[in-house]
K.L.:
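Attaching a single structure in structure tokens format; questions to follow.
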Amino acid sequence: MQWKNGDTANAQVVAGGKGRGDGLHQLDNPTDVLIDKETDSLIICDYGNDRVVRWSRRSGTTQGEILIDNIQCYGVAMDEQRYLYVSDDEKHEVRRYQLGEKNGTLVAGGNGKGNDTNQLNEPRYLAVDRDHSVYVSVDWNHRVMKWNKGAKEGIVVAGGQGEGNALTQLSRPNGIFVDTLGTLYVADTDNHRVMRCTQGDKKQGTVIVGGNGQGAGENQFNYPWDLSFDRYGNLYVVDMGNDRVQRFSIE
């Protein structure tokens with residue numbers, strides 16, 4: 001769906017909308033999406049169909065094209081060189097692809113399901129920084145990992161202290177964002193809050209929104225699932241259990 005800024009009444013369908021299915025004109029449980037500005041298209045994790053698809057944003061588009069198939073994709077990200085990064089929560093790995101490539105290069109995980117530093121356990125959302133380090137939210141390990149370019153194992157940059165709601169802990173993290181200073185933002189889903197983590201501070205985070213219990217108030221969430229920032233520094237949070245997207249101005 002696309003909403004114009006400030007106009008919540010007039011959304012339009014820009015991909016799918018033809019019922020749940022596996023046709024090229026359909027989607028099944030899409031979990032993540034990014035905009036490829038160079039081709040003016042959407043790249044979508046079509047999770048229920050085990051594929052990554054691309055839909056042109058040009059008017060009149062009625063179906064997508066398959067970029068990668070037979071992949072239990074959950075999250076997608078793209079770096080400035082237009083390499084595509086995709087998490088696979090069945091193989092517990094993240095691969096990097098040149099657009100048009102089918103097999104990709106392993107950049108995180110790939111050593112089976114687990115909680116060692118060279119393993120992932122159902123990797124979810126991704127972020128890539130200017131050094132091409134890959135950040136991965138690892139749902140069932142309750143942590144966010146950073147894999148430097150070419151590394152064989154990752155570094156815990158948030159959570160990793162067991163499931164909980166202390167400032168050093170996460171509970172089923174999902175959406176993540178890394179800014180140009182390397183500051184990490186995490187949708188801490190089961191704690192109903194968004195955390196900000198500055199690298200090098202002993203993995204202790206700060207609650208920037210939410211953290212006021214599960215609910216539908218203006219500074220509450222009901223399972224925040226994903227997040228993003230716009231160019232003006234506004235934070236957008238997918239508040240899944242409340243069926244809404246919230247925008248916050250972050251100082």
K.L.:
According to a hydrophobic-cluster definition based on side-chain heavy atoms being under 4.5 Å apart (Ile, Leu, Val, Met, Phe, Trp, Tyr only), do V138 and V107 belong together?
P.N.:
yes
K.L.:
With sequence neighbours excluded, give me every salt bridge (Lys or Arg N to Asp or Glu O under 4.0 Å) pair touching residues 127-152.
P.N.:
R124-D139, D139-R172
K.L.:
Could you walk me through whether V207 and R193 pass side chain to side chain contact (heavy atoms under 4.5 Å, CB included), step by step?
P.N.:
CA-CA 7 Å; V207 180; R193 65 190 185 184; 3.9 Å; yes
K.L.:
Report whether L184 and L170 are members of the same hydrophobic cluster (ILVMFWY, side-chain heavy atoms less than 4.5 Å apart, transitive linking).
P.N.:
yes
K.L.:
For a quick test of reading the model, state the closest non-hydrogen atom pair linking V128 to A77 and the distance between them.
P.N.:
CG2-CB, 4.0 Å
K.L.:
Where do C73 and Y47 come nearest, in terms of heavy atoms and distance?
P.N.:
O-CD1, 2.7 Å
K.L.:
Do you know which two heavy atoms are closest between P224 and A187, and how far apart they sit?
P.N.:
O-CB, 3.8 Å
K.L.:
Show the nearest heavy-atom pair for residues N242 and G215, with the distance to one decimal.
P.N.:
ND2-O, 2.9 Å
K.L.:
To the nearest 0.5 Å, what is the distance between OG (S249) and OH (Y232)?
P.N.:
13.5 Å
K.L.:
Within the 4.5 Å heavy-atom criterion, are R57 and L42 side-chain neighbours or not?
P.N.:
yes
K.L.:
A side-chain contact here means heavy atoms from C-beta on lying under 4.5 Å apart; do D226 and D32 qualify?
P.N.:
yes
K.L.:
Kindly say whether I208 contributes a backbone atom to a donor-acceptor pair with the side chain of T206 at under 3.5 angstrom?
P.N.:
no
K.L.:
Are Y85 and V178 grouped together when hydrophobic residues (ILVMFWY) are joined by side-chain heavy atoms under 4.5 angstrom apart?
P.N.:
no
K.L.:
Any donor-acceptor pair under 3.5 Å linking the side chain of D116 with the backbone of Q119?
P.N.:
no
K.L.:
Quick one: are the ring centres of F248 and F221 less than 6.0 Å apart?
P.N.:
yes
K.L.:
Can you tell if the side chain of D46 reaches within under 4.5 Å of the side chain of V52, non-hydrogen atoms only?
P.N.:
no
K.L.:
In Å, rounded to the nearest 0.5 Å, how long is the span from OH of Y125 to OG of S228?
P.N.:
12.0 Å
K.L.:
Any idea which heavy atoms bring P123 and S87 closest together, and the distance?
P.N.:
O-OG, 3.7 Å
K.L.:
Within the side chain of Q246, is there an N or O that forms a donor-acceptor pair under 3.5 Å with the backbone of Q220?
P.N.:
yes
K.L.:
Kindly indicate whether the side chain of D88, heavy atoms from C-beta on, has any atom under 4.5 Å from the side chain of V94.
P.N.:
no
K.L.:
Output the distance between atom CG (N141) and atom CG (N115), rounded to the nearest 0.5 Å.
P.N.:
5.5 Å
K.L.:
Please confirm whether the ring centroid of Y83 lies under 6.0 Å from the ring centroid of Y97.
P.N.:
no
K.L.:
Classify the side-chain pair Q72/D89 by whether it contains a donor and acceptor separated by less than 3.5 Å.
P.N.:
no
K.L.:
Quick check on E218: does its CD atom have over 12 non-hydrogen neighbours (other residues, nucleotides or ligands) under 6.0 Å away?
P.N.:
no
K.L.:
So L235 and L227, side chain to side chain contact (heavy atoms under 4.5 Å, CB included) or not? Walk me through it.
P.N.:
CA-CA 7 Å; L235 170 66; L227 51 76; 4.1 Å; yes
K.L.:
Report yes or no: does H192 contribute a side-chain atom to a donor-acceptor pair with the main-chain N or O of G211 at less than 3.5 Å?
P.N.:
no
K.L.:
Of all heavy-atom pairs between D188 and Q169, which one has the smallest distance, and what is that distance?
P.N.:
OD2-O, 4.0 Å
K.L.:
Does the side chain to side chain contact (heavy atoms under 4.5 Å, CB included) test come out yes or no for L126 and V76, once each step is laid out?
P.N.:
CA-CA 6 Å; L126 305 173; V76 286; 5.8 Å; no
K.L.:
Please confirm whether the backbone N or O of T61 pairs with a side-chain atom of S56, one donor and one acceptor, at under 3.5 Å?
P.N.:
no
K.L.:
Assess whether atom OH of Y236 is packed by more than 12 heavy atoms of other residues, nucleotides or ligands within 6.0 Å.
P.N.:
yes
K.L.:
When rounded to the nearest 0.5 angstrom, what is the spacing between CZ in R54 and OG1 in T39?
P.N.:
5.0 Å
K.L.:
Fit a plane to each ring of F229 and F177, take the angle between them on a 0 to 90° scale, and name the class: parallel (under 30°), tilted (30 to 60°) or perpendicular (over 60°).
P.N.:
tilted
K.L.:
Please check if V157 and V186 belong to a single hydrophobic cluster, counting links between Ile, Leu, Val, Met, Phe, Trp and Tyr side chain heavy atoms closer than 4.5 Å.
P.N.:
yes
K.L.:
Are R196 and T183 packed together at the side-chain level, in the sense that at least one heavy-atom pair is separated by less than 4.5 angstrom?
P.N.:
yes
K.L.:
Can you list every pair that meets salt bridge (Lys or Arg N to Asp or Glu O under 4.0 Å) and has a residue in residues 69-83, with sequence neighbours left out?
P.N.:
D36-R82, E38-R82
K.L.:
According to a hydrophobic-cluster definition based on side-chain heavy atoms being under 4.5 Å apart (Ile, Leu, Val, Met, Phe, Trp, Tyr only), do V238 and I43 belong together?
P.N.:
no
K.L.:
Distance from L24 atom CG to W55 atom CH2, nearest 0.5 Å?
P.N.:
8.5 Å
K.L.:
Short question: side chain of Q26, backbone of K18 - any donor-acceptor pair under 3.5 Å?
P.N.:
yes
K.L.:
Quick check for you: to the nearest 0.5 Å, what is the distance between N5 atom CG and N234 atom CG?
P.N.:
8.5 Å
K.L.:
Show every side chain to side chain donor-acceptor pair (under 3.5 Å) that has at least one partner inside residues 99-113, sequence neighbours left out.
P.N.:
none
K.L.:
Would you call M145 and I155 a side-chain contact if the rule is heavy atoms closer than 4.5 Å?
P.N.:
no
K.L.:
Go through L84 and L34 one step at a time and tell me if the side chain to side chain contact (heavy atoms under 4.5 Å, CB included) criterion holds.
P.N.:
CA-CA 10 Å; L84 187 65; L34 62 82; 4.1 Å; yes
K.L.:
Dump the intermediate steps for side chain to side chain donor-acceptor pair (under 3.5 Å) on S171 and N191, then the final yes or no.
P.N.:
CA-CA 6 Å; S171 180; N191 284 326; 4.6 Å; no
K.L.:
Would you say the side chains of R20 and N49 form a donor-acceptor pair under 3.5 Å?
P.N.:
no
K.L.:
State, with a plain yes or no, whether a side-chain heavy atom of E122 is found less than 4.5 Å away from one of E90.
P.N.:
no
K.L.:
What do the steps show when you test N222 against R244 for side chain to side chain donor-acceptor pair (under 3.5 Å), and what is the final call?
P.N.:
CA-CA 10 Å; N222 185 4; R244 67 187 183 185; over 6 Å; no
K.L.:
If we ignore angles and hydrogens, is there a donor and acceptor under 3.5 Å between the side chains of T189 and N174?
P.N.:
yes
K.L.:
Between Q204 and T168, do the side chains contain a donor N or O and an acceptor N or O under 3.5 Å apart?
P.N.:
no
